[in-house]
*Asks:* 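This is the structure I want to talk about, given as structure tokens.
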Amino acid sequence: MELKTWLRAQWDRVVGGLGVTAGLLALFLGYRGVANTPYPAEQIPYVVSGAVLGIALIGVGLTSWLSADLRDEWHKLDRIERLLETASDSTNPSATSA
Amino acid sequence: MTAATDSAAWNLAGTLRLVIVQLLCLAAIAVALSATANRASINDQIVWLNAAVGAAVISGAANGLWLLALRRATATKRRAVLSRLDDAAEHVALAGPSAAVDERLVAVRGMTLVHRAGCPLVAGKPVAAAAPASGARCGWCALGA
């Protein structure tokens with residue numbers, strides 16, 4: 001499968017992976033920023049950009065990934081339901097005429 | 001997420017609503033970051049830090065509600081499938097004794113399996129009489145053999 005097609009089909013997992021990676025990176029950079037200065041007034045911006053933004057990005061990424069998993073499960077169940085419906089119609093023709 | 005068969009949980013409006021809420025929350029955090037970086041007083045910074053934490057909490061709540069809605073949609077679909085499977089199993093169980101009586105072997109033209117005439121897998125299909133050696137036995141109707 002071409003990369004472009006794969007990216008289009010799995011865009012929510014791509015967003016999930018990017019979100020979690022960016023969040024972890026923000027947490028790491030925030031930690032380094034806080035650790036490198038003794039002044040609370042200089043640490044707070046790192047707390048906002050590192051901890052708060054990092055956690056929010058990780059949340060967005062995980063949500064996107066879980067959403068993709070749930071969507072796939074829903075589609076598989078939908079396919080099974082339609083197959084069962086078709087099988088039921090073919091084995092019980094009276095059900096379709098009713 | 002654009003398939004016509006998607007449930008209400010995956011509709012475009014719901015997805016857009018979530019994306020807008022997330023963008024607003026990330027924008028609020030970015031504004032708070034800028035505000036804290038431009039202020040030297042901790043008292044002034046704490047206000048913006050609280051605003052950033054609030055935006056993160058709203059973002060998390062929106063994500064949680066979204067996942068709950070999707071989980072509910074999936075659970076509803078799973079129940080529907082299980083209900084259909086239950087009906088199908090009941091149908092096969094009811095048809096079982098009569099199917100077992102019919103010991104004639106048949107095969108669907110172009111297919112490789114040999115079925116009993118009463119097998120539900122060949123019901124409604126054009127079948128022809130078959131010899132036992134003319135193909136592999138169907139696993140479904142051979143279960144009761």
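Since this is a predicted model, take the numbers as computed values, not measurements. Convention: sequence-line order gives letters A, B, ...; per-chain numbering from 1.
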*Asks:* If you look at every heavy atom in A/P45 and B/L33, which pair is closest and at what distance?
*Replies:*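 Minimum heavy-atom separation between A/P45 and B/L33: O-CD1, 3.2 Å.
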*Asks:* Determine, stepwise, if the pair B/L26 / A/L57 fulfils side chain to side chain contact (heavy atoms under 4.5 Å, CB included).
*Replies:* CA-CA 8 Å; B/L26 291 178; A/L57 285 174; 4.2 Å; yes
*Asks:* Between A/P40 and B/Q45, what is the shortest heavy-atom contact and its length?
*Replies:*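 So the two residues come closest at O-OE1, 4.3 Å.
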*Asks:* Please check if the number of heavy atoms outside B/R71 that lie under 6.0 Å from its CZ is greater than 12.
*Replies:* no
*Asks:* Quick one: are B/D87 and A/L84 in side-chain contact, heavy atoms under 4.5 Å?
*Replies:* no
*Asks:* If I measure from the heavy atoms of chain A, does B/A52 come under 4.5 Å with its side chain, its backbone, both, or neither?
*Replies:* both
*Asks:* Show the nearest heavy-atom pair for residues B/A40 and A/A41, with the distance to one decimal.
*Replies:* O-CB, 3.4 Å
*Asks:* If I take atom OG1 from residue B/T36 and atom CD from residue A/Q43, how far apart are they, to the nearest 0.5 angstrom?
*Replies:*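 CD of A/Q43 is found 12.5 Å from OG1 of B/T36.
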*Asks:* Would you compute the distance between atom NZ of B/K77 and atom NE2 of A/H75 and round it to the nearest 0.5 angstrom?
*Replies:* 10.0 Å
*Asks:* Calculate, to the nearest 0.5 Å, the distance between atoms CZ and CD belonging to B/R84 and A/E85 respectively.
*Replies:*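 Reported value, rounded in 0.5 Å steps: 4.0 Å.
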*Asks:* Kindly work out whether a path of hydrophobic side-chain contacts (I/L/V/M/F/W/Y, heavy atoms less than 4.5 Å apart) joins B/I42 to A/V48.
*Replies:* yes
*Asks:* Which of the residues A/V47, A/L77, A/V52 is involved in the greatest number of heavy-atom pairs with chain B at under 4.5 angstrom?
*Replies:* A/L77
*Asks:* Does a side-chain heavy-atom distance below 4.5 Å link B/W66 with A/T63?
*Replies:*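 When only atoms from C-beta onward are counted, A/T63 and B/W66 do touch, with a gap below 4.5 Å.
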*Asks:* What part of B/T74 is in contact with chain A, defined as an atom under 4.5 angstrom from a non-hydrogen atom: side chain, backbone, both or neither?
*Replies:* both
*Asks:* Rounded to the nearest 0.5 Å, what's the gap from CG on B/L67 to CH2 on A/W65? Could you check?
*Replies:* 14.5 Å
*Asks:* Salt bridge or not between A/E73 and B/R78? Use side-chain N to carboxylate O under 4.0 Å.
*Replies:*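 A salt bridge is present here (some side-chain N lies under 4.0 Å from a carboxylate O).
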*Asks:* Please state whether the side chain, the backbone, both or neither of A/L53 comes within less than 4.5 Å of a heavy atom of chain B.
*Replies:*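 It is both, since atoms from each part get that close.
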*Asks:* Kindly determine whether A/R71 and B/L70 satisfy side chain to side chain contact (heavy atoms under 4.5 Å, CB included), including the steps that lead there.
*Replies:* CA-CA 8 Å; A/R71 190 199 60 198; B/L70 299 191; over 6 Å; no
*Asks:* What heavy-atom pair brings B/V81 and A/I80 nearest, and what distance separates the two atoms?
*Replies:*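 Smallest heavy-atom distance, with atoms named: CG1-CG2, 3.7 Å.
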*Asks:* For chain B, which of A/S49, A/A56, A/S64, A/A51 has the most heavy-atom pairs under 4.5 Å?
*Replies:*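 The option with the most such pairs is A/S49.
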